[in-house]
2 protein chains.
Amino acid sequence: MPTDSRLPRVLHVLLHLDQIGDPVTSEQIGQMLATNPALVRRTMAGLREAGFVASTKGHGGGWQLLKPLEEITLADVYAALGSPHLFAVGQSSDNPACLLEQAANAATLQALEAARDVFQSELARMTVAELVKPHAETIKAFQSNRDR
Amino acid sequence: MPTDSRLPRVLHVLLHLDQIGDPVTSEQIGQMLATNPALVRRTMAGLREAGFVASTKGHGGGWQLLKPLEEITLADVYAALGSPHLFAVGQSSDNPACLLEQAANAATLQALEAARDVFQSELARMTVAELVKPHAETIKAFQSNRDR
DNA sequence: TCTTTTGTAACTTTAATTGTCACGAAACTT
DNA sequence: AAGTTTCGTGACAATTAAAGTTACAAAAGA
């Protein structure tokens with residue numbers, strides 16, 4: 001299956017929405033993400049349900065930020081996407097009869113759960129607003145260059 | 001794609017090989033894993049290259065442990081499988097031009113790398129021999145029941 | 001020589017996301 | 001009121017890597 005790229009994609013979109021302010025159409029977002037409007041709507045639906053963005057129809061409509069990026073953690077975004085399945089690796093089978101297989105599964109699961117916990121807590125440590133901080137200088141340089 | 005279950009599967013097999021001692025054919029292992037011999041051979045190939053097991057052809061042949069399970073960590077097994085791709089989640093695209101997309105990708109990657117590091121270190125903390133310890137009583141009870 | 005067993009190549013199946021198309025519904029414009 | 005824009009959603013094909021399957025050559029024991 002194609003790799004699930006919804007998390008970085010919607011983060012990217014949220015940053016643009018914040019920068020633009022005005023409503024942005026799914027068509028425009030589709031160009032940012034190099035994909036088509038229908039996929040954008042599907043992917044953004046969770047963010048709307050979570051109350052992070054609003055979508056309006058008709059002329060001048062599109063997607064808009066409802067909540068400041070300072071108040072949204074990456075974990076919130078991941079949850080809004082429905083907490084997509086994180087791992088390509090999993091157990092051999094559920095409820096195996098063989099005790100040795102149970103032990104092998106349990107050990108695998110333990111490592112996966114530890115990894116998932118760290119993934120989630122890493123996401124929780126950062127708001128979407130903070131996301132650009134490590135890149136702030138590069139972005140500022142680019143913008144002053146552009147505005148010149 | 002079907003979930004990658006090679007790690008728990010080969011752990012399961014190593015435990016059986018240790019318990020049995022004699023060579024076990026791919027056919028027999030296939031029955032343990034509810035799959036077919038060709039897949040067993042493909043999956044076990046990495047363990048052979050790593051020197052953990054040996055495979056012998058002809059009558060009485062099959063797969064045998066070469067190294068004590070006390071000397072093989074789960075991380076060693078994972079590496080012997082070729083360190084399969086761990087995540088179903090990934091970045092939006094490699095080398096995006098957009099700086100905001102770069103920032104979104106970097107934040108995602110940071111969380112994924114932290115998770116991968118924990119996964120690997122969890123695997124490194126345990127040998128295959130230790131794997132059964134949490135289940136030792138259940139297994140002992142089953143065996144004495146069986147031998148009675 | 002015959003049988004067992006591995007090694008490997010080639011191909012199909014599987015699963016979940018991405019990508020695409022279509023069309024109804026809502027909201028703005030004139 | 002009519003027309004245009006835009007979202008919402010359903011349906012289906014494309015993608016990708018592992019699992020599953022088949023076939024056969026090669027090695028080794030009987």
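Just so you know, these numbers come straight off a predicted model, no measurement behind them. Chain letters run A, B, ... following the sequence lines, proteins first, then strands; residues in each count from 1.
At a non-hydrogen distance threshold of 4.0 Å, nothing from residues 79-87 of chain B comes into contact with DNA chain C.
Here A:Asn36 lies in heavy-atom contact (under 4.0 Å) with a base.
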Any protein N or O atoms within reach of nucleotides 22-28 of chain C? Criterion: under 3.5 Å, listing atom names and distances.
residue : atom : partner : partner atom : Å
C:dA26  : O4'  : A:Lys57 : NZ           : 3.4

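Listed candidates were C:dT6, C:dT20, D:dA19. Nearest to the side chain of B:Asp4 is D:dA19. Ranking C:dG19, D:dA19, C:dA16 by closeness to the A:Pro2 side chain, first place goes to C:dA16.
Taking side-chain N and O atoms only, B:Ser55 has no distance below 4.0 Å to OP1 or OP2 of C:dT5. For A:Thr35 and C:dG19, the shortest distance from a side-chain N or O to OP1 or OP2 is below 4.0 Å. For B:Ser26 and C:dT5, the shortest distance from a side-chain N or O to OP1 or OP2 is not below 4.0 Å. Applying the 4.0 Å criterion to OP1 and OP2 of D:dG10, one finds that A:Arg42 has every side-chain N and O outside that range. For the OP1/OP2 pair of D:dA19 and a distance below 4.0 Å, the side-chain nitrogens and oxygens of B:Arg6 include at least one atom meeting the criterion. Taking only side-chain nitrogens and oxygens, B:Arg9 comes nearer than 4.0 Å to OP1 or OP2 of D:dG20.
B:Tyr78 contributes a side-chain N or O that, together with a main-chain N or O of B:Pro84, makes up a donor-acceptor pair within less than 3.5 Å. Between the A:Asn105 side chain and the A:Ser93 main chain, a donor and an acceptor come within less than 3.5 Å of each other. Side chain of B:Asp4 to backbone of B:Arg6: a donor-acceptor contact under 3.5 angstrom is found. Looking at A:His59, its side chain never comes within 3.5 Å of a backbone N or O of A:Gly61 through a donor-acceptor pair.
The distance from atom CE of B:Met1 to atom C1' of C:dT12 is 17 Å, rounded to the nearest whole Å. Residue B:Glu27 contributes atom CD, which lies 13 Å from atom C1' of C:dT6 at whole-angstrom precision. Distance A:Leu39 CG to C:dC21 P: 13 Å, rounded to the nearest Å. Nucleotide D:dT6 holds its P atom 17 Å from the CZ atom of A:Arg48, rounded to whole Å. Counting to the nearest Å, the C1' atom of D:dC7 and the CD atom of A:Glu49 are 14 Å from each other.
No hydrogens or angles considered: nothing links the side chains of A:Glu71 and A:Thr127 as a donor-acceptor pair under 3.5 Å. There is no side-chain donor-acceptor pair under 3.5 Å between A:Ser5 and B:Gln91.
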Given side chain to side chain donor-acceptor pair (under 3.5 Å), test A:Arg48 with A:Ser55 step by step and report yes or no. CA-CA 7 Å; A:Arg48 182 182 53 230; A:Ser55 57; 3.3 Å; yes
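Classified by interplanar angle (parallel below 30°, tilted 30° to 60°, perpendicular above 60°), the ring pair B:Phe87/B:His85 is perpendicular.
Between A:Ala80 and A:Leu47, the shortest heavy-atom contact is CB-CD2, 3.6 Å.
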